[in-house]
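Each remark here refers to the structure printed beneath this line.
Basis for what follows: all heavy atoms, side chains included, without hydrogens, waters or symmetry-related copies. Here, residue 1 is the first one in the sequence, and each next residue gets the next number.
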Amino acid sequence: MITASIAILIGPIQFLLNKTRSRRLSIHRSLGKLYVIAIAISGVAGVYLSLYAFGGFLSKLGFFALSISWLVTTYLAYYYIRQKNIPLHREWMYRSYAVTIAAVTFRTWSA
């Protein structure tokens with residue numbers, strides 16, 4: 001939950017402060033790296049925790065799929081920025097952040 005919370009806090013900074021990206025690219029990159037690391041830790045932990053989710057097989061499957069989606073969307077965002085494809089990077093970051101919100105919300109509701 002701590003690493004997921006870090007990712008949730010980083011998201012608005014990255015999305016809402018367009019000037020941060022253009023003026024201080026190093027800050028944007030550093031926060032992006034922290035976001036990816038936080039998601040990697042939380043996503044792997046989410047896969048493990050999905051095996052112990054309450055609610056039966058469908059609940060476990062749902063949490064497992066959400067964790068995999070979390071990892072895949074974040075990986076694709078990272079992949080596209082490494083390819084210098086900014087439009088696709090931006091699209092996949094929106095998706096990654098949406099899955100981040102969903103993952104944390106569902107984990108909180110199920111606790």
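For Ala53 against Ser59, the heavy-atom pair with the smallest separation is CB-OG, 3.9 Å. Listed here is the closest heavy atom pair of Ala4 and Trp70: CB-CH2, 3.8 Å. Contact record, Ile81 with His89: CB-ND1, 3.4 Å, taken as the closest heavy-atom pair.
Phe57 CZ to Phe64 CZ: the interatomic distance, rounded to the nearest 0.5 Å, is 10.0 Å. Atom OG of Ser50 and atom CD1 of Ile68 lie 8.0 Å apart (nearest 0.5 Å). The OG atom of Ser42 sits 11.5 Å away from the CD1 atom of Ile37 when rounded to the nearest 0.5 Å.
Note on Leu88 and Leu71: same hydrophobic cluster, where clusters join Ile, Leu, Val, Met, Phe, Trp and Tyr whose side-chain heavy atoms are under 4.5 Å apart, directly or indirectly. Residue Tyr97 is grouped with residue Tyr94 when hydrophobic side chains (ILVMFWY) are merged at heavy-atom distances under 4.5 angstrom, including chains of intermediate members. In the hydrophobic cluster analysis, where Ile, Leu, Val, Met, Phe, Trp and Tyr join through side-chain heavy atoms closer than 4.5 angstrom, Val47 is grouped apart from Phe54. Linking Ile, Leu, Val, Met, Phe, Trp and Tyr whenever their side-chain heavy atoms come within less than 4.5 Å puts Ile39 and Leu34 in one cluster. One hydrophobic cluster, built from ILVMFWY side chains closer than 4.5 Å, cannot hold both Leu51 and Leu66; they sit in different ones.
Under a 3.5 Å cut-off, the side chain of Ser30 and the backbone N or O of Ile27 do not form any donor-acceptor pair. Side chain of Ser96 to main chain of Trp92: no donor-acceptor pair is present (N/O by atom type, distance under 3.5 Å, no hydrogens or angles). The backbone N or O of Ile8 lies less than 3.5 Å from no partner atom in the side chain of Thr100, so there is not a single donor-acceptor pair.
Atom CD1 of Ile101 has more than 12 heavy atoms from other residues, nucleotides or ligands within 6.0 Å.
With a 4.5 Å cut-off on side-chain heavy atoms, Met93 and Tyr80 do not count as touching.
For the side chain to side chain contact (heavy atoms under 4.5 Å, CB included) with Leu31, the lone residue among Ile6, Ile10, Leu9 that qualifies is Ile10.
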